[in-house]
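Structure, as structure tokens:
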There are 2 protein chains.
Amino acid sequence: MSQKQKKLPLYIQIKNKLVSNIKDGTWKPGVSIPSESRLIEQYNVSRTTIRQAIREMVQDGILETSRGAPAKVKEIPEESVGNPGIVHHEIGTEMSVIILRMEKSRTHYSAKHHLSLPETAEVFFMERLRTADGIPIAIQRSFFPVEAGETIEQAAEKEFDLFPALGERGIYHTNIKEHVSAANATQEEADLLGMAPGEALITIERTTLGIDAAPIEYSMTKYTPKAFNYTIELE
Amino acid sequence: MSQKQKKLPLYIQIKNKLVSNIKDGTWKPGVSIPSESRLIEQYNVSRTTIRQAIREMVQDGILETSRGAPAKVKEIPEESVGNPGIVHHEIGTEMSVIILRMEKSRTHYSAKHHLSLPETAEVFFMERLRTADGIPIAIQRSFFPVEAGETIEQAAEKEFDLFPALGERGIYHTNIKEHVSAANATQEEADLLGMAPGEALITIERTTLGIDAAPIEYSMTKYTPKAFNYTIELE
DNA sequence: AAAGATTTGTTCGTATGTATG
DNA sequence: TCATACATACGAACAAATCTT
């Protein structure tokens, strides 16, 4: 049954189709999408409808428009699909991750608490070193419920951000709570990050809630101050 | 001559008029504005134009719409200072501020840029030392358009947060953008904060937009890492 | 470099569906 | 119940910027 689909406004349906074309790579960033007139023919709807769909996508930061030229897929529409209101990234062009540890663990009681798990539970623990242009910029310790472990294990080596992989497996996040503070580098952290022990690190603790409001990730990331970059936008 | 005004699209002109009605208190928060049909008569334009003006204002967070009921002016209550979705505070029980400098200035070009002011403009500049339990924890440099200067000057000595005072004078903010990074303390900052030069400070740059989407404040605050505490919650 | 075709931006008019009061 | 008001959707025309020839 596509009863619900029928209920959606036409312009939303069109928008969804256009977004799909971008997501699956049919229309790539920086390239123009078909003109309004072509879309009108293709979907057999009025110009109003097409324009409303495009307008929303512009507002969402997916498309860019300018008079006289077809809309372009915006470069770097990365987070725009994911987290409205926040841009959060490190500095650098060549970002990568090195996995230091990845294991199931029965300790890490603090993490269990953040994940709302009983003390006897097992958690999936991962420690990764994030680098930018080959220079270490952060140490990230992530904790997941063991159920998510297999998915994580497969995606961890390649993906810089794990949530898209989780999303493909039906694990979505609805709420993220981050806590920013500062800490001094331990000897081990200082060695990994190429700094002196005791120097200040920016620490972000993050708890991610799933669609059922249950925590699906708790992570603590310690950044070198120079490499840290964080922008928050609120209304 | 208002030649340029004439050049503005009709829906922008209408939007400006509607915004004026809200700014000068003709339409107060929580109250419905006239229906579309009434506005159509009043300004003698088409429904499309009215709707486009209203749509922009909804997007700017000035109006709220719902089917079957006229648009309402959005409430901008006290919590706008508290910002939904964000908790942001320093540690300590006895918080206070010490004003270091307060002046009009023609320099500070970076600040002018953030305030969308021309390079020849004058800005109101204020530097304050924030303390917790008598211990310095942050240096805050704030920039405002000179128009807001008098209000600021009166409130600055007593108020820890300036926005309530601004709100009482009809200056509301609708959008805040914060950028978190890190910097090393200069000699002067180190002296003020009782730390060593070169030590890491957490820096928050903040741009606050007013009801008409024009910047009303730009500030840069540098915190000692230990005293900093920041929690973000997103959906 | 100039002219013409294409494309988006703006504005009008009209009609129907659907939620509010 | 029922009139009012907003949301969605169609069509048409001209202006202004861009692209192509």
Side-chain angles (χ1 to χ4, degrees), chain A residues 2-19 21-22 27-75 77, chain B residues 2-19 21-22 27-75 213:
Chain A
S2 58
Q3 294 165 323
K4 283 197 173 177
Q5 285 298 322
K6 287 289 179 185
K7 283 294 195 170
L8 281 177
L10 245 185
Y11 74 93
I12 296 284
Q13 295 180 43
I14 302 283
K15 178 186 167 185
N16 289 338
K17 287 176 185 172
L18 301 184
V19 169
N21 284 337
I22 293 171
W27 298 334
K28 298 202 188 315
V31 177
S32 297
I33 72 173
S35 71
E36 290 178 2
S37 24
R38 235 171 286 269
L39 294 172
I40 289 168
E41 295 169 12
Q42 184 171 348
Y43 294 111
N44 204 36
V45 295
S46 75
R47 183 151 179 235
T48 312
T49 304
I50 294 290
R51 283 184 63 75
Q52 189 154 0
I54 289 178
R55 188 193 312 129
E56 290 230 343
M57 294 172 71
V58 170
Q59 206 226 308
D60 292 347
I62 305 172
L63 293 180
E64 276 175 327
T65 58
S66 59
R67 205 178 206 149
K72 277 201 185 100
V73 180
K74 208 169 178 181
E75 304 272 6
Chain B
S2 58
Q3 293 165 325
K4 281 198 172 176
Q5 284 299 322
K6 287 289 180 186
K7 284 293 200 172
L8 283 177
L10 245 187
Y11 74 93
I12 296 284
Q13 295 181 42
I14 302 284
K15 177 186 169 187
N16 289 339
K17 288 176 186 174
L18 300 185
V19 168
N21 284 337
I22 293 171
W27 297 334
K28 298 203 188 315
V31 178
S32 297
I33 72 173
S35 72
E36 291 181 358
S37 21
R38 235 171 286 268
L39 293 172
I40 290 168
E41 295 169 12
Q42 183 171 350
Y43 294 110
N44 203 36
V45 296
S46 78
R47 176 121 194 267
T48 312
T49 305
I50 293 291
R51 283 185 62 75
Q52 193 155 354
I54 290 178
R55 188 194 309 131
E56 290 231 341
M57 293 172 71
V58 170
Q59 206 225 310
D60 291 348
I62 306 172
L63 293 181
E64 278 176 325
T65 57
S66 60
R67 221 179 192 138
K72 279 199 184 99
V73 180
K74 211 168 178 181
E75 298 275 5

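Values below: every heavy atom of this structure, side chains too, minus hydrogens, waters and symmetry copies. Here the structure is a predicted model, which is why all the values come from computation and not from measurement. Sequence lines set the chain letters: A, B, ... in the order given, protein chains first and strands last, and positions in each chain run from 1.
- If you check C/dT8, C/dT10, D/dA7 against the side chain of B/P9, the one that comes closest is C/dT10.
- Atom C1' of nucleotide D/dA5 and atom CD of B/E64 are separated by 17 Å, given to the nearest angstrom.
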When you look at B/E56 and B/I12, which way does the side chain to side chain contact (heavy atoms under 4.5 Å, CB included) test go after all the steps?
-> CA-CA 9 Å; B/E56 290 231 341; B/I12 296 284; 4.2 Å; yes
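- Rounded to whole Å, atom P of C/dG9 lies 12 Å from atom CZ of B/R55.
- Between the side chain of B/R38 and the base of D/dA5, no donor-acceptor pair under 3.5 Å is found.
- With D/dC10, D/dC6, D/dA17 as the choices, the nucleotide that has an atom nearest any side-chain atom of A/R67 turns out to be D/dA17.
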Kindly indicate, with the supporting measurements, whether the criterion side chain to side chain contact (heavy atoms under 4.5 Å, CB included) is fulfilled by A/I54 and A/L39.
-> CA-CA 11 Å; A/I54 289 178; A/L39 294 172; 4.3 Å; yes
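- Distances from the side chain of A/T48 to the nucleotides D/dT8, D/dA17, D/dG11 place D/dG11 closest.
- Atom OH in A/Y43 sits about 15 Å away from atom P in D/dA9, given to the nearest Å.
- B/L10 pairs in a side-chain contact (heavy atoms from CB on, under 4.5 Å) with only one of the listed residues (B/T49, B/I50, B/T48), which is B/T49.
- Picking from D/dG11, C/dT7, C/dG9 the nucleotide with the shortest atom distance to the side chain of A/R51 gives C/dG9.
- OP1 or OP2 of C/dT10 has at least one side-chain nitrogen or oxygen of B/Y11 nearer than 4.0 Å.
- When all heavy atoms of B/W27 and B/V73 are compared, the pair lying nearest together is CB-CG2, 4.0 Å.
- The distance between atom CD of B/E36 and atom P of C/dC12, rounded to the nearest whole Å, is 14 Å.
- Residue B/T65 places at least one side-chain N or O closer than 4.0 Å to OP1 or OP2 of D/dA7.
- Between A/Q52 and A/S66, it is A/Q52 whose nearest contact on DNA chain D lies nearer the 5' terminus.
- In this structure, the NZ atom of A/K15 is 15 Å from the C1' atom of D/dT8, given to the nearest Å.
- B/L18 places a side-chain heavy atom less than 4.5 Å from the side chain of B/I14.
- Considering only the side chain of A/A69, D/dC19 comes nearest among D/dT8, D/dC19, C/dT11.
- The CD1 atom of B/I40 sits 11 Å away from the C1' atom of C/dC12 (whole-angstrom rounding).
- Here C/dT6 presents its C1' atom at 13 Å from CD of A/E41, a figure rounded to the nearest Å.
- Take the nearest nucleotide of DNA chain D for B/S37 and for A/K72: the residue whose nucleotide is more 5' is B/S37.
- A donor-acceptor contact under 3.5 angstrom links the side-chain atoms of A/R47 to the base of C/dG9.
- Closest contact between the side chain of A/L10 and the listed nucleotides D/dC6, D/dC10, C/dT10 involves D/dC10.
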